[in-house]
Amino acid sequence: MRFYTLPPKEIKWPYILINANNPNKGINYILAHKPKSVIIDSGVEIFRNSHIKDYPPNHIYRLIYLFKLVRKYVNEVWVTVPDYPDDYHPKALWINGKDNIQRTVENVIKYVDEYPEVSWLIPIQGHNEDPLSVMKSISAYEELGILDRFEYFAIANLCVSKKLSTIVKTVNAVYLQIPNKKLHAFGISLSAVKRLRGKLFSFDSMAWTFPRKSGGHSCKNEEERKVYFYAYVSRINGG
C-alpha cells in the first residue's frame, strides 16, 4: 500500500502528496529526494472557508503548471481533478441547482478532455456522512465512460469524518463497485486503514503528527517528527 505524506526532512519517503495552494515544501522535498510517485491535490482546502463557493479563476493552470514542473523530476505524477467537498460545510457548495457531486463530475468531464496529457486522479465525491452517496459519482462516471478511461480514483469525501463506520462503509461501497481500479483515500484515520487492508492502493494522512495517547502532544521538533513518523508507519505495517 502506498502512503502519501510529507515526512520529516531526514526521512526519504517514496510516495508524497503536495498541496496545490502551498506547494513549496513539497517541491523542495521532491528536489531533494526524487520520490517515486507524487499526488498533487486539487487545493480543496480553500473550501474550509464557507464563503468560498468555487476555485479561483485560472486555478486549473496552477495545477497544470505544477504537473509539468514535478514531471521534470518524477515520472509518476497524479493530479486530482478540482472537486467540491461536502464534509467541510455540508451543502455549502450545492449551488445553482447542482450538488457537490454533480459539480465535481462536470469538472472531471471538462478537464480530462481539455488536458489529456495530464495523469488525472479522478475524485469520487459524496455527501457528508452518507456512505452510499458515492454511488451517484460512480454511476455518473460509468455512464460517461470515465470508468473505462481511467485507472486511479480517489475517495474524496472522508477528510473530515471521524466516524470509523462512515469511512469503512464508504470505501467498501466504492470497492464493491469498482474492485479492479486503484483506489486512493484522502485523509483517513489509521484505524480505518487497518480495517481496509487489500482494498486501498494508497492513502494520505498527517495524523502521524498528532499524539496517539491522551495527554500527549503533537510533535514539536524534527526529532519528535521522526519518532512519530516511524511509529505511525510501524502501526500501518502491523508493528
Side-chain angles (χ1 to χ4, degrees), residues 1-48 54-85 104 106-125 141 146-156 159 181-188 200-209 222 225-226 229-230 232-233 236:
M1 182 183 295
R2 297 186 174 194
F3 174 53
Y4 291 81
T5 188
L6 279 176
K9 62 184 179 182
E10 294 182 14
I11 300 174
K12 182 178 180 180
W13 197 248
Y15 312 113
I16 71 162
L17 180 145
I18 65 175
N19 186 322
N21 291 321
N22 187 22
N24 290 343
K25 185 176 181 180
I27 296 297
N28 289 338
Y29 182 89
I30 289 166
L31 294 175
H33 299 297
K34 305 298 191 297
K36 294 181 180 179
S37 180
V38 173
I39 288 177
I40 300 171
D41 74 10
S42 64
V44 73
E45 301 87 0
I46 63 171
F47 298 117
R48 291 184 183 274
D54 211 339
Y55 291 92
N58 299 325
H59 181 72
I60 188 65
Y61 299 121
R62 172 191 291 268
L63 295 176
I64 303 304
Y65 168 78
L66 286 172
F67 172 74
K68 292 179 178 179
L69 175 63
V70 175
R71 274 297 302 272
K72 292 179 180 180
Y73 308 100
V74 182
N75 288 329
E76 185 178 323
V77 182
W78 303 91
V79 181
T80 311
V81 177
D83 58 326
Y84 299 93
T104 297
E106 287 182 351
N107 274 1
V108 169
I109 294 300
K110 177 181 180 180
Y111 292 133
V112 301
D113 286 337
E114 286 188 3
Y115 305 97
E117 72 278 13
V118 174
S119 299
W120 291 110
L121 176 58
I122 308 299
I124 296 174
Q125 268 297 347
Y141 290 150
I146 296 298
L147 290 185
D148 292 332
R149 293 174 57 186
F150 295 91
E151 64 169 344
Y152 204 5
F153 291 78
I155 303 168
C159 295
K181 301 297 183 181
K182 295 178 180 178
L183 298 180
H184 182 84
F186 281 112
I188 64 172
L200 292 174
F201 177 74
S202 59
F203 73 99
D204 67 88
S205 177
M206 288 300 291
W208 60 270
T209 63
E222 193 66 19
R225 284 172 60 84
K226 289 192 289 184
F229 186 82
Y230 279 131
Y232 190 78
V233 173
I236 293 171

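In this text, all values refer to a predicted model and were calculated from it rather than measured experimentally.
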Peer 1: CD1/Ile188 to CD1/Ile155 distance, rounded to the nearest 0.5 angstrom?
Peer 2: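 Taking CD1 in Ile188 and CD1 in Ile155, the distance rounds to 7.5 Å.
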Peer 1: To the nearest 0.5 Å, what is the distance between CG (Asp54) and CG (Asn107)?
Peer 2: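 If we round to the nearest 0.5 Å, Asp54:CG and Asn107:CG are 7.5 Å apart.
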Peer 1: Which pair of heavy atoms, one from Tyr29 and one from Ile11, lies closest together, and at what distance?
Peer 2: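 Scanning both residues, the minimum pair turns out to be OH-O, 3.4 Å.
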Peer 1: Measure the spacing between CD1 of Ile64 and CD of Glu117 and express it to the nearest 0.5 Å.
Peer 2: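 The distance works out to 6.0 Å.
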Peer 1: Just wondering, do Val44 and Asp83 contact through their side chains at under 4.5 Å, heavy atoms?
Peer 2: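 Touching, per the 4.5 Å side-chain cut-off.
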Peer 1: What's the separation between atom CZ in Phe153 and atom CG in Leu183, rounded to the nearest 0.5 Å?
Peer 2: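 Rounded to the nearest 0.5 Å, the CZ-CG separation comes to 8.5 Å.
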Peer 1: Are side-chain heavy atoms of Val74 and His33 found at a separation under 4.5 Å?
Peer 2: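 Of all side-chain heavy-atom pairs linking His33 with Val74, none is under 4.5 Å.
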Peer 1: Check the surroundings of atom NZ in Lys34: do more than 12 heavy atoms from other residues, nucleotides or ligands lie under 6.0 Å from it?
Peer 2: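 Enclosed: over 12 neighbouring heavy atoms sit under 6.0 Å from NZ of Lys34.
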Peer 1: Restricting to non-hydrogen atoms, name the atom on Gly43 and the atom on Ala20 that form the minimum distance, rounded to 0.1 Å.
Peer 2: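 It is N-CB, 3.9 Å.
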Peer 1: Does the pair Ser119 and Tyr152 meet the rule for a side chain to side chain donor-acceptor pair (under 3.5 Å), with working shown?
Peer 2: CA-CA 9 Å; Ser119 299; Tyr152 204 5; over 6 Å; no
Peer 1: From Glu151 CD over to Ile122 CD1, what is the distance, rounded to the nearest 0.5 angstrom?
Peer 2: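 Output value for this atom pair is 10.5 Å.
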Peer 1: Quick check for you: to the nearest 0.5 Å, what is the distance between Arg62 atom CZ and Tyr55 atom OH?
Peer 2: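 Arg62 CZ to Tyr55 OH: 12.5 Å, rounded to 0.5 Å.
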Peer 1: Who pairs with Arg2 by side chain to side chain contact (heavy atoms under 4.5 Å, CB included), at least two apart in sequence or on another chain?
Peer 2: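 So Arg2 forms a side chain to side chain contact (heavy atoms under 4.5 Å, CB included) with Tyr4, Tyr15, Ser37, Glu76, Phe201, Ser202.
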Peer 1: Mark yes when over 12 heavy atoms from residues, nucleotides or ligands other than Asn28 sit less than 6.0 Å from its CG; otherwise mark no.
Peer 2: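 Counting other residues, nucleotides and ligands, CG of Asn28 exceeds 12 neighbours.
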Peer 1: Using the test salt bridge (charged side-chain N to carboxylate O under 4.0 Å, His left out), find all partners of Arg149 that sit at least two apart in sequence or belong to another chain.
Peer 2: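 With neighbours one apart ignored, the set is Asp113.
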Peer 1: At their closest point, which heavy atom of Met1 faces which heavy atom of Leu200, and how far apart are they?
Peer 2: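 Smallest interatomic distance, heavy atoms only, reads CE-O, 3.8 Å.
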Peer 1: If I compare all heavy atoms of Ile40 with all of Leu63, which pair ends up nearest, and what's the gap?
Peer 2: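 Reported closest heavy-atom pair: CG2-CD2, 4.1 Å.
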Peer 1: State which residue, out of Val70, Leu69, Asn75, fulfils the side-chain contact (heavy atoms from CB on, under 4.5 Å) condition with Tyr73.
Peer 2: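 Of Val70, Leu69, Asn75, side-chain contact (heavy atoms from CB on, under 4.5 Å) with Tyr73 is met by Leu69 alone.
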